[in-house]
Structures are given as C-alpha cells and as structure tokens.
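Data first, discussion second: the structure below is written as structure tokens.
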Amino acid sequence: MNPRKRLRTMIEQPDHIIQAVGAHNALGAKLVEQNGFDAVWASGFEISTAHAKPDANILTMFEFLEAARQMADATHLPIIADCDTGFGNVNNVIRMVRDYEKAGIAAVCIEDKVFPKMNSFIPGYQSLAPKDEFAAKIRAAKDTQHDPDFVVIARVESLIAGHGMEETLARASAYEEAGADLILIHSKQKDPREIFEFCRHWNSNTPLVIVPTTYPSITLPEMVEHNIKVVIYANQALRAAVKAMNHVLSLLKSSGSLLAIQDDLSPMDQLFEIQGMKEMIQQEERYRKQEVR
Ligand code: SPV
Ligand code: MG
C-alpha cells in the first residue's frame with residue numbers, strides 16, 4: 001500500500017491513534033520507521049535547527065521540501081510535512097501542494113498565522129491571519145491536489161496566540177468547512193486541560209491532531225477518550241540527539257581519548273544497516289554474476 005493510502009486507511013481506522021515523530025532528514029525518518037511508529041512529521045523546527053537557522057521562515061520552501069522528499073525516499077512511512085503558513089498567500093499554497101504531492105508526501109499541514117511565521121513557543125510574535133484568508137488557503141490546497149488520498153491539515157494557532165475558546169472553535173469550524181481533512185489544535189500550556197476542553201466542544205467528525213510538546217503528561221488512553229486521532233512527537237528525537245552529541249563531544253574533549261566514549265556510541269554495523277550497505281553489496285554481486293555469464 002502506498003504511504004498516502006496507508007495514512008488514509010489509518011485515519012479511517014477506529015480506535016487507532018496515529019503516532020507521528022518529528023525528523024529533519026532521511027536518517028531521522030528511518031529511525032522513526034525502525035522503531036515502529038506510524039508516520040514521520042517533517043518538522044519545520046527540526047529542519048530549521050539542522051540548518052542552524054531560526055524556526056521563523058528563514059529557510060525557503062525548497063529547503064523544507066527537499067528535506068521532506070529525502071524522508072519520503074528513505075522510508076515507506078507516510079510523511080506529514082510541516083509547511084508553516086504555506087510559504088505566502090494562496091498562490092504559494094497552490095505551488096506548494098503541487099510540489100509536495102509530486103515529491104510523494106502524504107500530507108501537508110499549514111497554520112493560520114501571518115507569513116513569516118514564528119515558532120509557536122516564542123512569546124510576543126504570534127499574529128493570526130484573518131480566518132477567511134486562511135480558509136481560502138485550505139480551499140486552494142484541496143482544489144489543487146490530484147490524489148484524493150493526499151491529506152491537508154489545518155493547524156489552529158488561536159490558543160497559542162491567546163484568543164479564547166470561542167474564537168478557536170470558530171476558526172476550526174471555518175477550516176473544516178473549507179475542506180480540511182484534519183484539524184491540528186495547538187497549545188503551549190503545561191497541561192492538557194485546554195486541549196481537552198477544545199475536544200469536548202468539537203462536535204464534528206473531522207479528526208483532531210495534537211502536538212503535546214509542553215504537556216508531556218498526556219496519555220494515549222486520554223487521547224482515545226478525547227477523540228484525538230493523531231499525536232505528533234514533534235522534536236524529541238532531535239533534542240535527544242543534541243544532548244547525546246554534546247555529552248560525547250564534551251567527554252571526548254575533556255578526556256582526550258576515544259576510549260572514554262566507546263559505551264556511548266552506536267556500533268558501526270548499525271550505521272551500515274541504516275545505509276542499506278548489505279542490500280547494495282547483494283545487488284552488485286547479482287549484476288556481477290550476470291556479467292560473467
Ligand atoms: C514543528 O515541529 O516545527 C512544529 C511543532 O511546528 S511546534 O514546534 O510545536 O510548533
Ligand atoms: Mg513548525
């Protein structure tokens with residue numbers, strides 16, 4: 001089954017929570033797949049960090065797309081691409097959907113902030129786009145896609161920007177009406193209470209997506225209870241990698257010896273396995289045999 005169909009099937013499967021994990025390149029995506037998750041989140045935050053650039057639309061669409069394309073190329077998992085605000089207005093969204101669909105991406109997610117967006121956890125810069133303007137972007141995205149299985153996610157930043165529940169629900173409903181396949185409801189609270197409140201008011205069949213970065217206490221049974229369909233663990237793998245790399249680098253610097261860090265390293269064989277080295281050698285041998293004949 002192709003990744004888009006797989007994502008659609010998982011969305012329609014009752015009582016299954018899709019667990020997506022953030023990545024910024026093929027390696028990250030591959031590890032997400034090897035650890036049994038359902039999908040990869042091509043995270044704007046991760047891709048920006050990997051370029052040592054702020055998560056604020058400093059990178060261009062091409063750079064985000066190229067990272068997502070490499071992830072799709074390296075795994076069989078559906079890639080859910082974080083596309084910020086759609087890289088501009090409706091015209092940019094139309095080009096974006098064409099290009100992401102051609103690259104084999106299963107889903108795109110756009111958020112209702114003004115371009116250039118700012119990472120949701122930086123206070124003071126969270127300006128929302130007018131509701132109708134963003135709904136038009138969702139309509140443009142849905143009108144542009146060719147494959148009916150391609151998924152468009154509308155991300156509501158109204159709670160992040162400090163607007164009330166009423167405004168937040170009105171925005172989510174407008175984006176649903178515009179054709180969004182899923183609604184991502186984002187929060188920066190330290191506990192999931194406002195997310196639960198939103199879920200209780202969400203009397204609709206359009207499934208919900210959450211990103212519980214700031215409220216890690218939420219459990220999978222609580223998500224089932226609140227009808228949440230997709231959970232995105234957006235950046236934990238990268239944050240773990242940065243911590244592990246810093247640990248090894250500081251130990252190496254202070255000790256001046258590779259022996260001090262041996263226990264902290266993945267074996268080389270594991271990296272060859274990620275590369276697909278064995279398969280490459282097997283394929284070369286197959287063709288070499290054909291040459292001899
Ligand atoms: C990302 O991973 O880029 C996201 C999620 O958009 S968040 O950083 O929580 O806004
Ligand atoms: Mg992002």
Side-chain angles (χ1 to χ4, degrees), residues 18-25 28-29 31-32 37 39-61 63-68 71 77-88 92-93 96 100 105 107-129 134 137 151-162 168 175 180 182-192 194-195 198 208-218 223 228 230-242:
I18 298 170
Q19 295 183 77
V21 182
H24 56 276
N25 61 16
L31 295 180
V32 171
F37 289 96
V40 178
W41 167 247
S43 157
F45 172 85
E46 283 214 11
I47 296 166
S48 300
T49 310
H51 285 74
K53 292 285 181 283
D55 179 21
N57 280 138
I58 301 302
L59 298 183
T60 63
M61 185 190 90
E63 289 162 302
F64 290 113
L65 172 59
E66 182 53 20
M71 295 180 211
L77 291 184
I79 309 297
I80 303 172
D82 176 7
C83 293
D84 294 337
T85 61
F87 308 108
N92 301 87
V93 168
M96 177 198 98
Y100 274 77
I105 304 306
V108 289
C109 176
I110 55 175
E111 61 195 61
D112 61 350
K113 291 214 292 259
V114 294
F115 176 91
K117 69 61 105 3
M118 171 60 102
N119 180 272
S120 301
F121 301 130
I122 305 290
Y125 291 87
Q126 306 298 330
S127 318
L128 294 189
F134 187 73
K137 285 187 184 179
V151 165
V152 175
I153 303 173
R155 165 166 160 178
V156 185
E157 290 280 296
S158 170
L159 297 174
I160 294 280
T168 304
Y175 308 155
L182 297 158
I183 298 290
L184 190 161
I185 179 68
H186 206 6
S187 167
K188 59 181 178 188
Q189 297 303 313
K190 298 272 175 284
D191 65 63
E194 75 174 5
I195 289 291
F198 178 91
L208 297 175
V209 184
I210 61 163
V211 186
T213 308
T214 60
Y215 50 99
S217 62
I218 193 168
M223 292 178 212
I228 290 161
V230 184
V231 56
I232 297 175
Y233 307 121
N235 56 36
Q236 289 74 16
L238 175 62
R239 286 161 63 197
V242 168

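Whatever order the structure lists them in is the order used to number ligands and atoms, beginning at 1.
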Nearest protein heavy-atom contact for atom 8 (O) of ligand 1: which residue, which atom, what distance? Asn119 ND2, 3.3 Å

Can you check whether Ser120 reaches Glu157 side chain to side chain, under 4.5 Å on heavy atoms? yes

Can you confirm whether Phe64 sits close enough to Asp84 that some side-chain heavy atom of one is under 4.5 Å from a side-chain heavy atom of the other? yes

Please indicate whether any nitrogen or oxygen in Gly44 is less than 3.5 Å from any nitrogen or oxygen in ligand 1. yes

In terms of residue, atom name and distance, what is the protein heavy atom nearest to atom 2 (O) of ligand 1? Ser43 OG, 2.7 Å

At under 4.0 Å between heavy atoms, is it the side chain or the backbone of Arg155 that contacts ligand 1, or both, or neither? side chain

If you measure from CD1 on Ile218 to CD1 on Ile228, what distance do you get to the nearest 0.5 Å? 4.5 Å

At less than 4.0 angstrom from any non-hydrogen atom of Ser120, what atoms of ligand 1 do you find? 10 (O)

Measure the acute angle between the ring planes of Phe121 and His186, then classify it against the limits of 30° and 60° as parallel, tilted or perpendicular. perpendicular

The closest protein heavy-atom partner of atom 7 (S) of ligand 1 is His186 NE2, 3.7 Å

Which option, Asp82, Ile232, Thr213, Asp84, owns the non-hydrogen atom nearest atom 4 (C) of ligand 1? Asp82

Using 0.5 Å steps for rounding, measure from the CG atom of Leu128 to the CG atom of Asp112. 5.5 Å

Near the Mg ion (ligand 2), is there an N/O/S atom from Glu111 that is less than 2.8 Å away? no

For ligand 1 and Val211, I'd like to know whether there is a polar contact (N/O to N/O, distance under 3.5 Å). no

Can a non-hydrogen atom of Asn235 be found less than 4.0 Å from any atom of ligand 1? no

Calculate, to the nearest 0.5 Å, the distance between atoms NZ and CZ belonging to Lys113 and Phe134 respectively. 10.5 Å

Looking at Asp82, pick out the N, O or S atom nearest to the Mg ion (ligand 2) and give its name. OD2

If I take atom CD from residue Gln19 and atom CD1 from residue Ile232, how far apart are they, to the nearest 0.5 angstrom? 12.0 Å

Any donor-acceptor N/O pair, Asn119 side chain to Asp55 backbone, under 3.5 Å: no

